[in-house]
Amino acid sequence: MNTILLSGTSNPELASRIARRLHTKLGDIEITRFIDNECRVYIKEQVEGKMVVVVQSLSTIADQHLVELCLIGQALKSLKARHVIAVIPWLGYSKQDKEFRKGEAISAQLVAKFIEAAGFDAVITVELHSENVLPFFKIPVSEIRTEELLRKALKIRPGAVVVSPDKGGKSRSERFANGSGLPIAYLVKKRNLETGEVTVADIEGTVKGHDVIIFDDIINTGATAIRTSQFLKNHGAKKIYFLATHAVLAGDAAELFAKSPIDHVIVTDTIAIPKAKLFRKLSLSSVAPFLAGAIKKL
Ligand code: R5P
């Protein structure tokens with residue numbers, strides 16, 4: 001392969017999976033921290049005139065992983081790489097895609113500017129939080145959707161109902177339901193913008209006596225999944241399957257899931273999950289084949 005594949009420090013396992021799919025090795029890059037914790041990037045590959053792909057999720061600690069990505073982009077440009085592509089499986093900071101309260105910064109917009117300013121020519125990402133994010137980028141962005149992957153991982157349950165967890169996830173859930181030939185019910189979810197507390201107020205449709213499948217983009221604190229599953233159980237749901245692309249699993253989300261009425265959780269490897277956060281009901285599906293496919297087409 002003529003393309004050089006580099007990995008940041010956020011998800012080297014996924015980067016290696018992609019490399020294996022592409023029958024190549026990860027390129028030589030040294031990423032270290034100065035004594036004051038500032039990041040130092042040193043690219044040891046000969047990249048002049050070449051296409052270079054950098055794999056870096058903006059996962060926790062997102063600030064650090066973002067700066068690291070930008071430094072890699074800047075170094076590659078100064079080494080005269082021909083084309084520099086950022087593969088950002090989880091685009092951290094994308095949840096704040098509008099000013100929810102007057103005075104809040106729109107982080108998704110600024111992050112897009114940082115990535116461009118660092119010199120990246122294009123971005124490949126997975127399941128964006130919302131359609132508001134795309135227009136923030138002036139460089140081409142291709143988005144890989146995960147409904148097919150997660151649908152296959154779950155194996156469709158005849159008689160199940162797809163449940164849209166909130167207004168923001170409506171079109172994602174509808175795509176999943178239509179593609180699976182399953183009916184859909186809609187929840188009315190409210191989040192307190194001060195405390196982050198989630199409440200489920202109502203349901204449009206019925207789940208009584210049915211298995212349910214929830215397909216969300218992110219598991220962050222787990223509040224959406226936990227409140228939703230409790231509400232659905234109270235409304236007569238049988239088994240509950242929770243599918244999500246990005247397993248942020250912030251705070252004690254993993255423990256909450258383990259204790260929840262959810263029967264099975266399937267997530268992808270866009271974010272590296274530390275061993276301590278793995279739990280019995282959790283299984284993983286890799287996005288590596290899709291990312292490798294997108295890189296091959298460059
Ligand atoms: C909401 O807009 C998103 O699609 C997810 O439902 C949300 O980000 C999940 O966050 P948490 O796990 O903290 O409820």
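For this chain, numbers begin at 1 and follow the sequence in order. Counting starts at 1 for both ligands and their atoms, in listed order.
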**Report entry** Any Arg227 heavy atom less than 4.0 Å to ligand 1
**Finding:** no

Query raised in the report: For ligand 1, is there an atom lying under 4.0 Å from some heavy atom of Gly168?
Result: no

Query raised in the report: Side-chain donor-acceptor pair under 3.5 Å between Thr228 and Lys189, yes or no?
Result: no

Query - Enumerated ligand 1 atoms positioned under 4.0 Å from heavy atoms of Gly222 - result: 11 (P), 12 (O), 13 (O)

Requested in this report: Answer yes when Asp217 and Arg145 have at least one side-chain N-carboxylate O distance shorter than 4.0 Å, and no when they do not.
Outcome: no

Requested in this report: Around atom 14 (O) of ligand 1, find the nearest protein heavy atom and jot down its residue, atom name and distance.
Outcome: Thr224 OG1, 2.5 Å

Query raised in the report: With no hydrogens and no angle check, do the side chains of Arg17 and Ser286 hold a donor and an acceptor under 3.5 Å apart?
Result: no

**Report entry** Residues Phe257, Lys281; criterion side chain to side chain contact (heavy atoms under 4.5 Å, CB included); working and verdict
**Finding:** CA-CA 8 Å; Phe257 264 96; Lys281 300 174 193 175; over 6 Å; no

Query raised in the report: Would one find more than 12 heavy atoms of other residues, nucleotides or ligands at under 6.0 Å from atom CD1 of Ile61?
Result: no

Query raised in the report: For the residue pair Ile184 and Ala177, what are the closest heavy atoms and their distance?
Result: CB-CB, 4.1 Å

Query raised in the report: Quick one: do Lys170 and Glu174 make a salt bridge, cutoff under 4.0 Å?
Result: yes

Report summary line: The closest protein heavy-atom partner of atom 7 (C) of ligand 1 is Arg191 NH2, 3.8 Å

**Report entry** Lys/Arg N to Asp/Glu carboxylate O, Asp211 vs Lys239, below 4.0 Å
**Finding:** no

Query raised in the report: Considering only protein heavy atoms, which is closest to atom 1 (C) of ligand 1, and at what distance to one decimal place?
Result: Asp166 OD2, 3.6 Å

Report task. Go through ligand 1 atom by atom and flag the ones less than 4.0 Å from a non-hydrogen atom of Lys189. Result -> 1 (C), 6 (O)

Report task. Around atom 13 (O) of ligand 1, find the nearest protein heavy atom and jot down its residue, atom name and distance. Result -> Thr221 OG1, 2.5 Å

Report task. Quick one: look up the protein heavy atom nearest atom 9 (C) of ligand 1 and list residue, atom name and how far away it is. Result -> Ile218 O, 3.4 Å

Query raised in the report: Nearest to atom 2 (O) of ligand 1, what protein heavy atom do you find, and at what distance?
Result: His129 CE1, 3.3 Å

Query raised in the report: Starting from atom 5 (C) of ligand 1, which protein heavy atom do you reach first, and at what distance in Å?
Result: Asp216 OD2, 3.4 Å

**Report entry** atom 4 (O) of ligand 1: the protein heavy-atom neighbour that sits closest, reported with distance to 0.1 Å
**Finding:** Asp217 OD1, 2.5 Å

